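Reading through the structure tokens given below for one structure.
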Amino acid sequence: MKGNDKIVSALNSLLGKELAAVNQYILHTEMCQNWLYVKLHDAIRTRAIDEMKHAEMLIARILFLEGIPNVSRIGSISAGSVVPDIHAKDLSAEVKIIADYNTAIMGAQECEDSGTREILESILTDEEAHLDWIEGQQKQISQMGLATYLGSQTK
């Protein structure tokens, strides 16, 4: 089915940002593994896998709309150097992508592309859950103190 060029372009833009998120989260995952924060490693790894699934969904939709997925235009990543910074960088990425999904959803609605809108809304729900989890981690650091929080992230 030939899709609207505006929609395909928006999907490709989101794809680049999802691929960047995968890279950022995998880097943060491995940093946490290196520091032996096993629980944090596992949680961020799960989020990276979610982002891979989002990229896969976007690629499938672009192909369905007879577009060409652009997997070489990856957005920039912002790596943290310590755990609080990792959470701050990941939070910033999630806030930005949520805004981008909301914009793309409105665009799909304007183009009367309900299939794309439904896919984007599904991904948006995941992104909002990611944001909520990160905010929860930041609250824990604030309430427990960094040392206690990090102690809770080991085995």
Side-chain angles (χ1 to χ4, degrees), residues 7-62 69-109 113-155:
I7 296 295
V8 171
S9 178
L11 292 172
N12 265 315
S13 176
L14 291 167
L15 175 59
K17 293 170 184 173
E18 289 290 357
L19 294 171
V22 169
N23 289 335
Q24 181 169 320
Y25 297 159
I26 287 177
L27 173 60
H28 288 162
T29 293
E30 293 309 310
M31 291 167 70
C32 290
Q33 179 69 31
N34 185 58
W35 299 327
L36 303 178
Y37 298 134
V38 177
K39 291 179 183 176
L40 199 51
H41 163 271
D42 293 347
I44 297 173
R45 183 176 185 277
T46 298
R47 203 167 67 229
I49 291 168
D50 286 348
E51 303 299 358
M52 287 181 226
K53 290 176 184 175
H54 297 162
E56 181 180 32
M57 293 168 69
L58 294 169
I59 289 169
R61 188 63 181 178
I62 292 166
N70 186 344
V71 295
S72 61
R73 186 179 54 191
I74 298 174
S76 61
I77 70 168
S78 185
S81 57
V82 294
V83 170
D85 198 30
I86 285 172
H87 289 321
K89 303 287 186 179
D90 290 355
L91 180 87
S92 177
E94 292 294 347
V95 166
K96 289 175 188 170
I97 197 78
I98 287 169
D100 292 339
Y101 274 105
N102 278 310
T103 299
I105 289 166
M106 288 186 290
Q109 187 70 33
D113 184 344
S114 296
T116 297
R117 180 185 47 77
E118 288 176 13
I119 290 166
L120 296 176
E121 287 174 343
S122 166
I123 295 171
L124 176 63
T125 299
D126 289 346
E127 300 297 359
E128 290 174 339
H130 296 166
L131 178 67
D132 186 53
W133 183 86
I134 296 165
E135 289 174 336
Q137 300 309 296
Q138 290 179 319
K139 283 265 196 241
Q140 287 181 28
I141 291 170
S142 162
Q143 293 171 1
M144 298 178 173
L146 183 59
T148 302
Y149 171 81
L150 292 176
S152 74
Q153 297 304 315
T154 61
K155 299 178 186 181

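Below, all heavy atoms of this structure are taken into account, side chains as well, without hydrogens, waters or symmetry copies. If you're wondering where the values come from, they're calculated on a predicted model, not measured in any experiment. Counting from 1, the numbers follow the sequence of the chain as shown.
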Please report the shortest heavy-atom distance between Y149 and M144, naming the atom on each side. CA-SD, 3.8 Å

Distance check, rounded to the nearest 0.5 Å: T154 atom OG1 versus L36 atom CG? 8.5 Å

Rounded to the nearest 0.5 Å, what separates atom NZ in K39 from atom NZ in K155? 12.0 Å

Has the side chain of N102 got a donor or acceptor atom that lies under 3.5 Å from a matching backbone atom of I98? yes

Report the C-alpha separation of R47 and E94 in whole Å, then their side-chain angles, then the decisive distance to 0.1 Å, and conclude whether the side-chain contact (heavy atoms from CB on, under 4.5 Å) test is met. CA-CA 11 Å; R47 203 167 67 229; E94 292 294 347; 4.1 Å; yes

Just by modelled atom types, is the S9 backbone N or O under 3.5 Å from a matching donor or acceptor in the S13 side chain? no

Any donor-acceptor pair under 3.5 Å from Q153 side chain to L40 backbone: yes

Begin from the C-alpha positions of I97 and E18 and carry the test side-chain contact (heavy atoms from CB on, under 4.5 Å) through to its verdict. CA-CA 8 Å; I97 197 78; E18 289 290 357; 4.2 Å; yes

Does the side-chain contact (heavy atoms from CB on, under 4.5 Å) test come out yes or no for R45 and I49, once each step is laid out? CA-CA 6 Å; R45 183 176 185 277; I49 291 168; 3.4 Å; yes

My understanding is that only one of I77, I86, L19, I44 makes a side chain to side chain contact (heavy atoms under 4.5 Å, CB included) with Q24; could you say which? I77

What closest approach, in Å, do I134 and H87 show between heavy atoms, and which atom pair accounts for it? CG2-O, 3.4 Å

State the CD-CD distance between Q137 and E135, to the nearest 0.5 angstrom. 11.0 Å

Over all heavy atoms of both residues, which pair between A20 and G75 is shortest? Give the atoms and the distance, please. CB-O, 3.1 Å

List the atom of I26, the atom of A48, and the distance in Å for their closest heavy-atom pair. CG1-CB, 4.0 Å

As an exercise, state the distance from NE2 of H28 to CE of M31, rounded to the nearest 0.5 Å. 5.5 Å

For residues 115-127, tabulate all N or O donor-acceptor pairs below 3.5 Å that involve a side-chain atom, not counting sequence neighbours.
| residue | atom | partner | partner atom | Å |
| --- | --- | --- | --- | --- |
| T116 | OG1 | R61 | NE | 2.8 |
| T116 | OG1 | R61 | NH2 | 3.2 |
| T116 | OG1 | D113 | OD1 | 3.1 |
| T116 | OG1 | D113 | OD2 | 2.7 |
| R117 | NE | Q109 | OE1 | 2.8 |
| R117 | NH1 | E121 | OE1 | 3.1 |
| R117 | NH1 | E121 | OE2 | 3.4 |
| T125 | OG1 | E121 | O | 3.1 |
| D126 | OD2 | H54 | NE2 | 2.8 |
| E127 | OE1 | H130 | ND1 | 3.2 |
| E127 | OE2 | H54 | ND1 | 3.0 |

Check against side-chain contact (heavy atoms from CB on, under 4.5 Å), L91 and L131: CA-CA 6 Å; L91 180 87; L131 178 67; 3.1 Å; yes

Note, W35 side chain near L150 side chain (heavy atom, < 4.5 Å): no

On a heavy-atom basis, which atom in A79 and which in L27 lie closest, and how many Å separate them? CB-CD2, 3.4 Å

Polar side chain donor-acceptor pair, N70 to S72, under 3.5 angstrom: yes

Counting only N and O atoms by type, is there a donor-acceptor contact under 3.5 Å from the side chain of T46 to the main-chain atoms of D42? yes

So, T29 side chain and Y25 main chain: donor-acceptor pair closer than 3.5 Å or not? yes

Might you point out which heavy atoms bring I62 and P69 nearest each other, and give the distance in Å? CG2-N, 3.6 Å

